[in-house]
Each structure stands twice: as structure tokens, then as C-alpha cells.
Amino acid sequence: MPNSPSILTTLENGVFTITLNRPDRLNSFNDEMHHQLSDAIKIAERDDTVRCLVITGAGRGFCAGQDLNDRNVSVGAEAPDLGYSVETFYNPLIRRLTRLPKPIICAVNGVAAGAGAAIALAGDIVIAAKNASFIQSFCRLGLVPDSGGSWFLPHLAGHARAMGMALLGDKISAEQALQWGMIWQVTENEDLSATVNKLAQHLATQPTYGLGLIKKAIYSAATNTLDQQLDLERDLQRLGGRSEDYREGVDAFLNKREPKFKGR
């Protein structure tokens, strides 16, 4: 997919990087940006040379959610169907990210607000610069956290903190998000890119198929009973044991050499 005004993509050494690229609007979404992002994610889904996905934002922000300039709320105008937008764009996006059988790193380089915060938290590993922040701004517009926000927040930060964030809309700093267990790591602003690139290059050399099974297991744990999760672990372990990477990993261990995983 060629680079476009709203979405930029690169593929290098198995790392596929998607950059949200509307910096003048803090990378907020309009319909065209949704379509371009969907096409980019299709590459990550279908291209076997992609072993790790990185999502970040251009300019001084990660993503400010929905571009409100795309909404006509003038007096007398027909009320917009926000449920249509959620169902058509945001819900499929979150489902595709969480179901992608490859690791995702979200590099949060500034504000992540509204749906932008939920997209960031949909990453498997979230690394934020010190100047990053997370805001659930829906309450200030009379709306509800969407794009999985009402699911991610209580699962990551707990009920009380999720309620506070959703009802008050306060800005949560990167350091606070780290303390609350919402994200994996905080870096100095100037170190974000190098830190993410190093981790992404590492993940791109790992047993990708097995990492995808890990994602499935952890997301399923949110709704499974213990017995259901034990059965799922059995089934996923069976699949992992049939992979080429498992054979390579065991052989490398027994022969005291570095494994060369192929991601299958």
C-alpha cells in the first residue's frame, strides 16, 4: 500500500509500522482515515513477512479520537448516528487489532484521547513517552467510552479508576498510567522511537505463531471460567506443539545455539 496523507506505512525486517498522519488534527479520525487504516491493517493480517506491528502517531499526538469537525450538530440539523460510526469503523478496528495473531506495539508519542486512548490500549505492549497522556473525554460531550474503552479500562486499571477516568475525563499522565497497570513502559520523549524499534525488532525474530496463541489465551481469560481457560490452554498448547517454531526452539535449546524462528 502506498503512503497516503492520512496513513503512512513502512515494512523493515519484519516490523510493519503504521503512522497515523493527520498531525494538524492530532491524528483524529475522519472516514477517509478509517478506510486507509483498514487497508494498512489488511497488510499486517495477510503478509507473512510481517512479524510485528507498530502503531504510532505523527507530530505531537498519538490520536485525539474522532474528528469532531466531521460531525454536524448545528441547530435544526438531523442528529448524527454515532452508533453507525462505532459499528462501521471503530468496533471492527478494535476486533482486528486484538485478534491479529502477531504482536502489536503502540508507541504513544503524545495525547491519546477518546477512541485514540482505546486504540492505544488495544496494543499488546504499550510504550509511552513521558509527555504522553490518556484522556477519556466522552463524558464532556455526553457520550460513552467506545472502541473498547469501557472494557479496557476496568480490566487494566480496575473498577474505581475506570469510573473516575470515565466520569471525570481527567488527563492521566504516562507515569500514572504505568503505575495503574494500563501500559508497559514509559521512556524519555527522545528515546521513544529507539526503544520501540529495539523491542519490535526483537519480537519480529520470535515464534510469531506462538505469540498469536498467547494473545488469544490472554484475551479469552477475561470472560472464561478457570475450567474453560484450562481447556483452552490445552487446545492452544496442542497447536503450538505442532508448529515449526516449537521444533526449532527445542532443537536450539538442546544444541545450545540461538534459535532461528520463522514465525510458523
Side-chain angles (χ1 to χ4, degrees), residues 18 20 26-29 34 37-38 41 44 52-57 61-66 82-83 85-129 132-141 143-186 196 199 211-212 214-224 229:
I18 294 176
L20 310 179
L26 285 176
N27 302 318
S28 57
F29 277 91
H34 273 295
L37 178 57
S38 178
I41 292 175
C52 178
L53 172 61
V54 173
I55 302 176
T56 192
F62 177 77
C63 177
Q66 175 64 38
L82 302 188
S85 178
V86 169
E87 182 65 23
T88 304
F89 296 120
Y90 290 105
N91 284 356
L93 170 61
I94 298 302
R95 288 187 175 111
R96 291 173 74 186
L97 292 178
T98 55
R99 292 173 183 172
L100 183 72
K102 302 171 184 181
I104 301 173
I105 303 173
C106 283
V108 184
N109 54 306
V111 65
I119 292 168
L121 298 179
D124 303 315
I125 296 179
V126 185
I127 301 179
S133 58
F134 300 83
I135 311 172
Q136 288 298 313
S137 48
F138 298 94
C139 61
R140 298 175 181 175
L141 300 172
L143 298 178
V144 176
D146 62 21
S147 307
S150 66
W151 189 93
F152 288 118
L153 288 177
H155 280 87
L156 294 172
H159 177 87
R161 289 166 176 164
M163 278 293 189
M165 289 182 67
L167 294 176
L168 300 175
D170 290 347
K171 180 185 293 187
I172 304 300
S173 69
E175 292 285 0
Q176 188 73 71
L178 179 65
Q179 292 173 18
W180 286 3
M182 294 169 54
I183 64 176
W184 175 250
Q185 186 178 356
V186 174
V196 169
L199 179 59
L211 299 186
I214 290 173
K215 287 183 62 169
K216 185 172 184 178
I218 290 179
Y219 275 114
S220 298
T223 54
N224 276 351
Q229 192 69 8

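Count residues from 1 along the sequence.
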query = Hey, does the side chain of T98 reach the backbone of R95 with a donor-acceptor pair shorter than 3.5 angstrom?
reply = yes
request  = Starting at CD of Q136, measure out to OG of S150 and round the result to the nearest 0.5 Å.
outcome  = 9.0 Å
inquiry  = Once side chain to side chain donor-acceptor pair (under 3.5 Å) is applied, do any residues pair with N91, and if so which ones, sequence neighbours excluded?
reply    = none
message = Run M165 and W180 through side chain to side chain contact (heavy atoms under 4.5 Å, CB included) and show every step you take.
response = CA-CA 12 Å; M165 289 182 67; W180 286 3; 3.9 Å; yes
note = Nearest heavy-atom approach of P154 to G149 is CD-O, 4.3 Å
ask   = Can you check whether L93 reaches S147 side chain to side chain, under 4.5 Å on heavy atoms?
value = no
remark   = Distance col, row L141:CG vs Q66:CD, nearest 0.5 angstrom, shows 11.0 Å
inquiry  = For the NZ atom on K215, are there more than 12 heavy atoms of other groups (residues, nucleotides or ligands in this structure) within a distance under 6.0 Å?
reply    = yes
request  = Taking the side chain as every heavy atom from C-beta outward, state whether I119 and L20 have any atom pair closer than 4.5 Å.
outcome  = no
query = Should L199 and I127 count as side-chain neighbours, where that means a heavy-atom distance under 4.5 Å?
reply = yes
inquiry  = Given I55, which partner from the list L37, I105, L97 fulfils the side-chain contact (heavy atoms from CB on, under 4.5 Å) test?
reply    = L97
key: Any side-chain heavy-atom pair of F134 and Q176 under 4.5 Å   = no
ask   = So V111 and L26, side chain to side chain contact (heavy atoms under 4.5 Å, CB included) or not? Walk me through it.
value = CA-CA 8 Å; V111 65; L26 285 176; 4.1 Å; yes
request  = Hey, could you give me the CZ/SG distance between F62 and C106, rounded to the nearest 0.5 Å?
outcome  = 4.5 Å
task = Look at the side chain of N109 and the backbone N and O of A129, then say whether any donor-acceptor pair between them is shorter than 3.5 Å.
result = no
task = Could you label the plane-to-plane angle of the Y219 and F152 rings as parallel, tilted or perpendicular, counting under 30° as parallel and over 60° as perpendicular?
result = perpendicular
Nearest atoms (heavy-atom pairs only) where A117 meets A112 = CB-O, 3.3 Å
ask   = Would you call the rings of H34 and F89 parallel, tilted or perpendicular if under 30° counts as parallel and over 60° as perpendicular?
value = parallel
Beyond-backbone contact of L53 with K102, side-chain heavy atoms, under 4.5 angstrom = no
inquiry  = Test of understanding: with ring-ring contact (aromatic ring centres under 6.0 Å, His included), list the residues that count as partners of H155, not counting sequence neighbours.
reply    = W151
ask   = Say you draw a straight line from CG of N27 to OG1 of T56; how long is it, rounded to the nearest 0.5 Å?
value = 8.5 Å
task = Quick one: pull up CG in D170 and CD1 in I135 and give me the separation to the nearest 0.5 Å.
result = 9.5 Å
remark   = In terms of heavy-atom contacts, L168 and C139 come closest through C-SG, 3.6 Å
ask   = Taking only residues two or more places apart in sequence or in another chain, which ones pass side chain to side chain donor-acceptor pair (under 3.5 Å) with Q229?
value = N224
Side chain proximity check, L121 to M182, heavy atoms < 4.5 angstrom = yes
key: D124 and W184, any side-chain heavy atoms less than 4.5 Å apart   = no
task = Heavy atoms only: give me the nearest I183-A174 pair and the separation to one decimal.
result = CD1-O, 3.6 Å
ask   = What distance separates I94 CD1 from R96 CZ, expressed to the nearest 0.5 Å?
value = 11.5 Å
